[in-house]
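Since the model is a prediction, treat every value here as computed from it, not as a measurement. Chain letters run A, B, ... following the sequence lines, proteins first and then strands; every chain starts at 1.
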Number of protein chains: 2
Amino acid sequence: MVDENMLEDIASEQESYQDERIARLIRLAARSFNRSLQMRLTTEGMTFGQWIFLRILWEHDGLSQRALSEKAHLTEPTTHTALSRMEDLGLIERRKVGSNKRRQHAFLTRKGRELRDRLEPLAIETNDLALAGLSNEEVRVLRHALDVVIRNLEQDEVESASRGVRVPSTRSLQQI
Amino acid sequence: MVDENMLEDIASEQESYQDERIARLIRLAARSFNRSLQMRLTTEGMTFGQWIFLRILWEHDGLSQRALSEKAHLTEPTTHTALSRMEDLGLIERRKVGSNKRRQHAFLTRKGRELRDRLEPLAIETNDLALAGLSNEEVRVLRHALDVVIRNLEQDEVESASRGVRVPSTRSLQQI
DNA sequence: GCCCTAAAGATAGATATCTAAGTTGTTGAC
DNA sequence: GTCAACAACTTAGATATCTATCTTTAGGGC
């Protein structure tokens, strides 16, 4: 029946990724990275969400939940749930430090610290694999372009927030 | 108290995005894109997940669920839930076409079709905004590099799947 | 010193995505 | 023609992320 075959043909069209808009390309690349790394992390019993914070804590042990959120570029509820799970699993401990009774700081346990040797190579492997076939110059431009894109979009977010309904910040008050 | 201040200093360190690994940069860029576009879609009452499929259907109305999954690079359960929701909202209709009683094809309703004029400019706006300040040559290299990265990682997935526990495909049988 | 606002965190509920496993329909080997 | 294997879809349940809202603590203006 002609109908069906036509519909199939459209679907199997070979498309060049390069014709896609940048947003889609970046989204695809991010998903591919996630899947590739997650596959590897899963074999070590680690989830992606926890990995994000482990990685930061390996470099900066003892950060507050807010500071971790900023470093990871994630919201606090996200950080909160991940840290709770990590505490349950014995990867970190949460403690208040000094006189400030609001801040919860996260400290790696021995177990959390020791995971580094097994997990970090997986990330490096994925990274190297992804860049195979690109010249140093191309990678340099890629980094630079991504950096610009991120800054542009963060700027957009800040401006929209100050204009918009949400986030009754000091900035929006100044505009009145 | 020295302890607390030290911890804060570490957190507020100004970091250059360019020092990050590519995987992180791409993930950040994708999240920024998503937030930026979602902000805009929300003002029109649209969600990101539905947008993905609407966009494809505007170009290729009547695709099957599987074909849509492939085009969107998403799994079938993801597609299924999005399409169900879209059907409830009256944006699409699902029908079986011809003699094949398994395939569900998705067809835009008038309502779904008419959204295009309002939504598409939002995506273009985000895209243009993100690329501000980059030269044509830089954008060209960005596209190319992303294309390579995606292909590399897809290749990795295929190989891992054929090696690994999951996906008992024909490929893995050939290797035995 | 008291009170209001802001900061830090916690909780609830929504969306987008995945893997695993079940159902139903199709097809090819014999 | 029957049956096993595969294809397309569905359902269930997990993870990662978000916005909105609430609680508790800290700090500043008076």
Side-chain angles (χ1 to χ4, degrees), chain A residues 4 7-8 11 27 30-32 34-39 41-42 46-53 63-70 72-87 94 96-106 157 161 164-170 173, chain B residues 4 7-8 11 27 30-32 34-39 41-42 46-53 63-70 72-87 94 96-106 157 161 164-170 173:
Chain A
E4 296 171 63
L7 293 170
E8 277 325 285
R27 219 172 282 130
R31 268 200 298 247
S32 302
N34 286 349
R35 283 205 268 243
S36 205
L37 180 55
Q38 267 180 56
M39 274 184 347
L41 291 176
T42 301
M46 174 60 41
T47 70
F48 183 76
Q50 291 169 39
W51 152 263
I52 297 271
F53 293 101
L63 286 184
S64 70
Q65 179 176 305
R66 171 165 295 262
L68 280 167
S69 301
E70 275 169 27
H73 294 258
L74 294 171
T75 60
E76 294 198 48
T78 304
T79 308
H80 180 77
T81 10
L83 293 183
S84 298
R85 183 85 184 104
M86 289 166 79
E87 190 165 37
R94 283 193 281 194
K96 300 199 161 82
V97 173
S99 59
N100 195 320
K101 291 200 186 100
R102 283 179 303 184
R103 289 208 194 106
Q104 285 277 26
H105 294 262
E157 257 185 273
V165 196
R166 290 179 303 208
V167 191
S169 65
T170 51
L173 292 176
Chain B
E4 296 170 63
L7 292 170
E8 278 323 286
R27 221 172 281 130
R31 267 198 300 246
S32 301
N34 286 347
R35 282 205 270 242
S36 205
L37 180 55
Q38 267 180 60
M39 274 185 344
L41 291 176
T42 300
M46 174 59 41
T47 70
F48 183 77
Q50 290 169 40
W51 153 264
I52 297 270
F53 294 101
L63 285 183
S64 70
Q65 180 176 305
R66 170 163 293 263
L68 280 167
S69 302
E70 274 168 29
H73 295 259
L74 294 171
T75 61
E76 294 200 49
T78 304
T79 308
H80 179 76
T81 14
L83 293 183
S84 298
R85 183 85 183 103
M86 288 166 78
E87 190 166 37
R94 285 193 281 194
K96 300 199 160 82
V97 172
S99 59
N100 196 320
K101 292 200 185 97
R102 283 178 304 185
R103 289 210 192 106
Q104 285 278 26
H105 294 261
E157 257 186 271
V165 197
R166 292 178 301 207
V167 193
S169 64
T170 51
L173 292 176

Taking atom types as modelled, find out whether B:Arg102 and B:Ser64 have a side-chain donor-acceptor pair closer than 3.5 angstrom.
no

- Query: Is the distance from OP1 or OP2 of D:dT17 to the nearest side-chain N or O of B:Arg27 less than 4.0 Å?
  - Reply: no

### Message
Is there a side-chain contact between A:Thr81 and the phosphate of D:dA16, meaning an N or O under 4.0 Å from OP1 or OP2?
### Response
no

Margin query: When you measure from the side-chain N and O atoms of A:Arg35 to the phosphate of C:dC18, is any distance below 4.0 Å, counting only OP1 and OP2?
Written below: yes

Here the pair of heavy atoms bringing B:Met86 nearest to B:Phe53 is SD-CB, 4.0 Å

When rounded to whole Å, the CE to P distance for the pair B:Met39 and D:dC18 reads 14 Å

In the structure I gave you, are the side-chain heavy atoms of B:Leu74 and A:Arg31 within less than 4.5 Å of one another anywhere? yes

Kindly say if B:Thr75 contacts the phosphate of C:dC18, meaning a side-chain N or O under 4.0 Å from OP1 or OP2.
yes

Between CG of B:Leu37 and P of D:dC18 the distance, given in whole Å, is 15 Å

*asked:* Side-chain N or O of A:Arg102 versus OP1/OP2 of C:dG9: is the shortest distance under 4.0 Å?
replied: no

Taking for B:Thr78 and for A:Arg94 the nucleotide of DNA chain C with the nearest heavy atom, the one nearer the 5' end belongs to A:Arg94

Separation of C:dA16 atom C1' from B:Ile52 atom CD1, nearest Å, is 10 Å

Will you find, in the side chains of B:Thr79 and B:Arg66, an N or O donor that is under 3.5 Å from an N or O acceptor?
-> no

Whole-Å distance, B:Glu76 CD to C:dT23 P, equals 18 Å

- Any side-chain donor-acceptor pair under 3.5 Å between A:Thr78 and A:Thr75? yes

Assert: residue with more 5' nearest nucleotide on DNA chain D, out of A:Pro77 and A:Gly49, is A:Gly49

Margin query: Looking at A:Gln50, I'd like to know whether one of its side-chain N or O atoms comes within less than 4.0 Å of OP1 or OP2 on D:dA16.
Written below: no

Ranking B:Arg85 and A:Gln38 by the position along DNA chain C of their nearest nucleotide, the one closer to 5' is B:Arg85

Any side-chain N or O of B:Arg66 below 4.0 angstrom from OP1/OP2 of D:dA7?
no

Separation of C:dA16 atom P from B:Leu83 atom CG, nearest Å, is 12 Å

- Can you check whether B:Thr47 has a side-chain N or O nearer than 4.0 Å to OP1 or OP2 of C:dA16? yes

In whole angstroms, the gap separating C1' of C:dA16 from CE of B:Met86 amounts to 14 Å

When rounded to whole Å, the CD to C1' distance for the pair A:Glu70 and C:dA7 reads 12 Å

B:Lys101 NZ to C:dG25 C1', in whole Å, measures 9 Å

One should read off an interatomic distance between A:Leu37 CG and A:Ser32 OG, to the nearest 0.5 angstrom, of 12.5 Å

**Report entry** side-chain N/O B:Arg103 vs D:dA7 OP1/OP2, d < 4.0 Å
**Finding:** no

**Asked** Is any side-chain N or O of B:His80 closer than 4.0 Å to OP1 or OP2 of D:dC9?
**Response** no

Residue-phosphate contact under 4.0 Å: A:Gln65 side-chain N/O, C:dA10 OP1/OP2: yes

